[in-house]
Amino acid sequence: MPVTSPAYDDTHNLPGPILAAAGIVAIALTLTTAGYGALTWSALCGLAGTVCLRFGIGLMIIEHRRVKAAMRHDSARQGRV
């Protein structure tokens with residue numbers, strides 16, 4: 001059964017960039033709360049920022065690898081290796 005559209009046509013990888021942006025905002029909140037002396041909130045924001053950045057960047061890398069593999073598979077299927 002032929003595939004009607006390649007897997008890499010989906011160009012909207014939203015969870016990765018959204019998590020990365022949330023991580024950057026959380027790191028900014030960490031610096032702000034540390035400046036005010038709220039060390040508990042600073043630690044929580046730092047942890048949340050680290051987790052969001054790590055997973056956001058990880059999701060973007062995974063999506064990029066998936067798109068590259070789909071493009072290779074599609075070009076090999078068409079005979080343009």
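Nothing fancy with the numbering, it's 1 onward along the sequence. Only this structure's heavy atoms are used, side chains among them; waters, hydrogens and symmetry mates stay out.
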Show me the side-chain donor-acceptor pairs of residues 25-36 shorter than 3.5 Å, one per line, residues at least two apart or across chains.
from	atom 1	to	atom 2	distance (Å)
T30	OG1	A26	O	2.8
T30	OG1	C45	O	3.3
T30	OG1	G46	N	2.9
T32	OG1	A28	O	3.0
T33	OG1	L29	O	3.0
T33	OG1	T30	O	3.1

Distance col, row I18:CD1 vs M60:CE, nearest 0.5 angstrom, shows 11.0 Å
Who clusters with L19? Use side-chain heavy atoms, under 4.5 angstrom, across I, L, V, M, F, W and Y, and order the result by chain and number. L47, V51, F55, L59
Joining Ile, Leu, Val, Met, Phe, Trp and Tyr whenever any side-chain heavy atoms lie under 4.5 Å apart, the cluster holding W41 also takes in L44
